[in-house]
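Everything on this sheet refers to the single structure shown next.
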Amino acid sequence: MVHMPVLGDSLFYITAFFIGVASPVSVPDEQRLFEDLMMGYEKSVRPVINANTILKVTFSLKLNQIIDLDERHQVLTTNVFIDQAWRDENLRWEPANYSRIRSIRVPSKRVWLPDTFIYNNADDGSTGFMQGTYVLLNHDGIVVWPVPVKLKSSCKVDITYFPFDDQECILRFGSWIYSGSWIDYRSLRNDTESPVDLTTYVNNSEWDLLSVTLKKNIRTHSCCDDPHPDITYVLHIRRKTFYYIFNIIVPCVMLSALTLLTFWLPPTSGEKITLGLSVFLAFSMFMLLIAEEVPATSESVPLIGIYLCVVMTMTSLSVIMAVIVINLYNKGHKTKRAPAWLRILTLSWLSKLLFLKHDLIKFAKDVILDDERKGAYACRKHSFSTKQKDDLLYQELETLSLENQFIRNRRKASKTEESLPATPGNEKGEEYQSLKEGTGEGKESKHADSEMSDSEGTRDNNNTTKNGKHKKDTPRSKIPEVCRTRSALYQRKLIVAEWQQIASVIDRVLFWFYFVSTVASYILILVVVPNCNYKKWNEEIWRKQQNYHSSM
């Protein structure tokens with residue numbers, strides 16, 4: 001009787017121990033639901049009970065940012081969120097049986113997933129298949145699979161209107177292995193204005209997103225004839241041109257203005273050709289800069305490249321014409337007059353058209369020849385000063401045209417030679433020092449050279465004859481109005497002035513031609529053509545949007 005309470009307590013503790021061990025441990029409701037759903041589930045089989053049922057996959061695209069468009073490699077990089085939803089008939093439950101749980105999140109590797117593939121994938125480090133970590137299961141069997149991804153897709157870049165270009169890039173999604181009789185894709189935003197969610201879109205610094213359209217295509221693979229549906233998002237983007245206008249076009253316009261200055265530089269400055277070549281090299285540098293931006297293709301030439309080629313061609317022509325103008329400017333020193341047609345065309349017609357006036361007598365006064373500096377036309381005998389002789393000569397030349405001056409001076413020179421007595425030491429006038437170089441008078445110039453040598457020999461002997469006796473200067477009854485050598489000098493000056501004026505007229509004509517050509521090419525290539533391209537694309541965008549809304 002003493003040990004009975006102790007034995008009763010021991011039996012109680014032993015019974016309680018076995019009851020605690022044998023009782024089941026409490027399991028969370030979500031774990032119990034997941035275990036029940038995965039029991040007998042096969043993820044390799046389409047989640048439909050009837051094999052003839054076409055599984056509808058709802059596709060939604062949320063565009064966050066256009067990161068870059070690589071024109072050289074023709075790759076578009078975007079940051080997007082892709083949501084896919086479908087009904088899995090094997091993953092349904094009653095919320096009342098699981099503490100009213102209506103949805104759970106499970107690893108994506110445990111359930112069936114559509115093999116959605118981006119057909120124009122251009123990422124070397126990606127297979128092109130969607131890869132998400134988790135899926136959301138709803139009690140009615142709807143499975144939502146959100147996938148954040150950085151897409152690199154191929155995009156055909158058309159550089160015809162670069163940098164005023166619009167580009168159309170596509171994102172094409174579809175099943176890789178399932179045909180249209182098994183899986184069909186449709187957009188989640190069919191009832192909205194835009195097929196893409198742009199609520200979190202971040203603007204790109206180089207491209208403007210104009211519109212996004214959606215179209216559904218039916219494709220066939222090489223392996224089989226079954227149709228494979230896909231959904232294609234078309235992104236229409238337009239390049240922002242401020243960078244190219246400020247860094248390329250504006251400097252090119254400035255260089256074109258510098259090229260215009262080559263026609264205002266006088267030919268005697270020696271910088272006309274140097275300036276033209278410097279501008280040409282600067283255009284070549286801009287050409288290399290553009291070549292690095294655009295893809296290396298022979299399909300088309302960018303618009304800015306055409307503009308640079310045009311201005312480089314005109315710059316090359318300006319250098320060539322500068323050489324011709326310099327040649328014409330210095331052609332008068334050869335004492336050969338310009339052809340009659342050239343004089344009429346430049347000094348008569350073009351001068352009137354450009355409102356230019358030419359006073360050859362005035363310009364001839366400013367011409368200084370090298371022979372004149374050396375004293376080849378010095379007059380030694382006449383008592384009146386050089387200024388008096390110049391005034392007499394210009395008074396005579398102002399009353400005659402250039403052609404009559406040649407005729408009159410030749411006649412006057414021949415009459416003067418006949419009136420002068422010929423002596424052994426001083427034949428036909430020793431007081432004139434002839435032109436050392438040809439004056440354009442043919443035989444008279446050669447005869448004047450012999451006179452110069454005879455007169456120099458006479459002056460070296462102090463105006464003595466061969467027998468050593470002094471001889472008095474032969475008195476003249478009449479002094480010529482103008483010295484023959486001075487007349488020949490100013491005839492040469494008139495020829496030089498005439499060629500210089502022809503060169504200046506041609507230079508002015510080239511200036512206006514280059515100015516008009518530069519302005520016309522700038523307006524046509526950089527204003528008219530881009531605006532026409534923008535107008536065409538705006539109409540195309542409006543038409544596509546109308547078709548999209550009508551098909552909804």
Side-chain angles (χ1 to χ4, degrees), residues 30 34 43 47 55-70 73-88 91 102-138 141-155 169-178 183 185-209 211-216 229-237:
E30 288 190 4
F34 177 73
K43 66 178 182 178
L55 183 63
K56 303 290 184 180
V57 178
T58 304
F59 195 91
S60 175
L61 181 68
K62 185 176 183 179
L63 181 61
N64 296 324
Q65 185 182 10
I66 296 177
I67 300 176
D68 182 40
L69 176 59
D70 189 351
H73 299 93
Q74 304 193 36
V75 174
L76 174 67
T77 305
T78 54
N79 184 10
V80 299
F81 290 165
I82 298 176
D83 293 337
Q84 300 181 75
W86 63 92
R87 185 182 296 275
D88 194 328
L91 299 177
R102 305 181 64 87
S103 62
I104 61 172
R105 289 157 181 81
V106 300
S108 60
K109 295 180 180 181
R110 300 296 300 271
V111 299
W112 178 91
L113 299 174
D115 58 339
T116 305
F117 179 78
I118 176 170
Y119 283 96
N120 57 331
N121 178 52
D123 191 357
D124 296 336
S126 174
T127 60
F129 292 97
M130 300 296 103
Q131 297 178 358
T133 306
Y134 289 94
V135 296
L136 177 65
L137 302 182
N138 294 286
I142 299 298
V143 182
V144 179
W145 185 27
V147 179
V149 62
K150 182 179 180 180
L151 293 178
K152 288 188 177 181
S153 57
S154 59
C155 177
C169 297
I170 64 173
L171 299 175
R172 179 176 288 115
F173 301 92
S175 176
W176 180 254
I177 195 64
Y178 290 105
I183 291 181
Y185 286 88
R186 64 178 182 176
S187 176
L188 181 63
R189 300 174 60 86
N190 285 332
D191 56 345
T192 58
E193 293 184 357
S194 176
V196 175
D197 186 2
L198 299 175
T199 55
T200 59
Y201 178 73
V202 179
N203 291 323
N204 186 270
S205 60
E206 186 179 0
W207 297 94
D208 284 328
L209 179 63
S211 68
V212 181
T213 57
L214 174 64
K215 59 182 179 179
K216 188 174 181 180
D230 65 62
I231 53 178
T232 302
Y233 294 90
V234 181
L235 280 65
H236 189 104
I237 57 179

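- Among all heavy-atom pairs drawn from P229 and Y185, the shortest one is O-CD1, 4.2 Å.
- T200 is linked by a side-chain hydrogen bond (donor to acceptor under 3.5 Å, both in side chains) to N64, counting only residues two or more places apart in sequence or in another chain.
- Between L209 and N204 there is no side-chain heavy-atom pair separated by less than 4.5 Å.
- The CG atom of L188 sits 11.5 Å away from the CD atom of Q84 when rounded to the nearest 0.5 Å.
- The nearest pair of heavy atoms linking A122 to S154 is CB-N, 3.7 Å.
- When all heavy atoms of F34 and R110 are compared, the closest pair comes out as CZ-NH1, 3.7 Å.
- In this view, Y233 satisfies the ring-ring contact (aromatic ring centres under 6.0 Å, His included) rule with no residue, not counting sequence neighbours.
- Annotation: ring-ring contact (aromatic ring centres under 6.0 Å, His included) contacts of Y119 (sequence neighbours excluded): F117.
- Closest approach of I82 and V149 over heavy atoms only: CD1-CG1, 3.9 Å.
- The CZ atom of R172 sits 7.0 Å away from atom NZ of K215, with the distance rounded to the nearest 0.5 Å.
- When the side-chain contact (heavy atoms from CB on, under 4.5 Å) test is applied to N203, the partners found at least two apart in sequence or on another chain are Y201.
- Environment of CZ in F129: crowded, with over 12 heavy atoms of neighbouring residues, nucleotides or ligands closer than 6.0 Å.
- Contacts of S108 classified as side-chain contact (heavy atoms from CB on, under 4.5 Å), with partners at least two apart in sequence or in another chain: L113, V135, W145.
- Less than 6.0 angstrom separates the ring centroid of F173 from the ring centroid of F59.
- Under the ring-ring contact (aromatic ring centres under 6.0 Å, His included) criterion, W207 pairs with no residue, sequence neighbours left out.
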